[in-house]
There are 2 protein chains.
Amino acid sequence: MPVRGDQLTATFAALADPTRRAILARLAHGEATVGQLAEPFDVTLPAISKHVKVLQKAGLVEQTRQAQWRSCRLRPEPLRDVVTWMTQYREFLGESFDRLDRYLTDLQKGDRP
Amino acid sequence: MPVRGDQLTATFAALADPTRRAILARLAHGEATVGQLAEPFDVTLPAISKHVKVLQKAGLVEQTRQAQWRSCRLRPEPLRDVVTWMTQYREFLGESFDRLDRYLTDLQKGDRP
DNA sequence: CAGTTAATTAACCACTCTGGAAAGTACGAG
DNA sequence: CTCGTACTTTCCAGAGTGGTTAATTAACTG
């Protein structure tokens, strides 16, 4: 019954690729066409197209069509599912801070990464 | 800037498997041998052994040897790296991320050793 | 010593994933 | 309708994954 579990698997699998994470980072700054997403990378357009498809199936990216361009936009839900999944390790993560606590504290003071 | 790009890839790849996530959930409750980890699953011991090896390479699990038993323990660092990586999507995630963020920050303020 | 237990390694099989090249699709312009 | 643009899909090779069984290593036990 947990279709949600499969969703998590698809999300983690999608994130387990540096090119796809870079695509997501690019989309965090705004929408982009597949061609624009491909520019920074040293791979062919079909390869990027396939990466986008993987991200789409994981629900991380939404594609809207206008003329012959496909505009890609980041969807937050799967990342929220990851956060939800991680909450079961909250206490464990809290046991021994060294880096994250400082990072998050700096974030609260107003610094941006 | 990524903490350890390859490390993050290995972590996400390790998490992209339901059996391995179940092993982690089991280890969140305490140490266990490979045999104990294998019990709930309908797969052979070698299969679990390989899963543990993947988790080890991702730094999520530490194995200590005592006699003929290998005791497995959860390591928090890679999960913290995931949280750190996710902070770049803070604005997309909104409340759900802020809740985890706040929890970790509050924990730091309250748990002064 | 041989035997048992715990776990890994080896060998193998069936997929799946990622890449490139090439062909196909869809739309707008002329 | 034809051409160019912007992808997507198909096909293929090579690498990797997840599972099996069988063999191997390692440590304790009688």
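Protein chains get the first letters and strands the later ones, always in sequence-line order, with residue 1 at the start of each.
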- Message: What is the separation between atom CG on A:Asp42 and atom P on C:dG19, rounded to the nearest whole Å?
- Response: 11 Å

- Going 5' to 3' through nucleotides 24-30 of chain C and flagging B where a protein heavy-atom sits under 4.0 Å of the base, S where only the sugar-phosphate is that close, and - otherwise, we get --SBS--

- Within the structure shown, what part of the strands sits under 4.0 Å from A:Gln66 by heavy-atom distance: base, sugar-phosphate, or nothing? nothing

- Message: Between A:Glu62 and A:Gln56, is there a side-chain donor-acceptor contact under 3.5 Å, judged purely by atom types and distance?
- Response: no

- Message: I'd like to know if the side chain of B:Arg21 pairs up with that of A:Thr9 as donor and acceptor (distance under 3.5 Å, no hydrogens or angles considered).
- Response: yes

- Task: Tell me which residues in residues 23-40 of chain B put a heavy atom below 4.0 Å from DNA chain C, sorted by number, or none.
- Result: B:Thr33, B:Val34, B:Gly35

- Task: Indicate if B:Trp85 and B:Val83 have the same hydrophobic cluster label, given that clusters are the connected sets of ILVMFWY residues with side-chain heavy-atom separations under 4.5 angstrom.
- Result: yes

- Item | Taking every non-hydrogen atom, the tightest pair across B:Ala25 and A:Gln88 | CB-OE1, 3.9 Å

- Task: Given side chain to side chain contact (heavy atoms under 4.5 Å, CB included), test B:Ile48 with B:Thr19 step by step and report yes or no.
- Result: CA-CA 8 Å; B:Ile48 298 296; B:Thr19 303; 4.2 Å; yes

- Query: If you look at every heavy atom in A:Glu31 and A:Ser71, which pair is closest and at what distance?
  - Reply: OE1-OG, 2.7 Å

- Message: If you compare every side-chain N and O of B:Thr44 against the phosphate oxygens of D:dG19 (OP1, OP2), does one of them come in below 4.0 Å?
- Response: no

- Taking CG from B:Asp17 and P from D:dG19, how many angstroms apart are they, rounded to a whole number? 6 Å

- What closest approach, in Å, do B:Ala32 and B:Leu37 show between heavy atoms, and which atom pair accounts for it? CB-CD2, 3.9 Å

- Task: Verify side chain to side chain contact (heavy atoms under 4.5 Å, CB included) between A:Leu15 and B:Leu8, making sure each step is shown before the conclusion.
- Result: CA-CA 9 Å; A:Leu15 296 177; B:Leu8 208 45; over 6 Å; no

- Query: So A:Arg73 and A:Thr64, side chain to side chain contact (heavy atoms under 4.5 Å, CB included) or not? Walk me through it.
  - Reply: CA-CA 8 Å; A:Arg73 183 170 26 193; A:Thr64 57; 3.8 Å; yes

- A:Leu55 side, atom CG; A:Leu24 side, atom CG - distance, nearest 0.5 Å: 5.0 Å

- Item | Nearest non-hydrogen partners of A:Met86 and B:Leu79, listed with the distance | CE-O, 3.6 Å

- Considering only heavy atoms, which members of residues 45-55 of chain B lie under 4.0 Å from some atom of DNA chain D? B:Pro46, B:Ala47, B:Lys50, B:His51

- Item | Nucleotide C:dT8, atom P - distance to NZ of B:Lys57 in whole Å | 13 Å

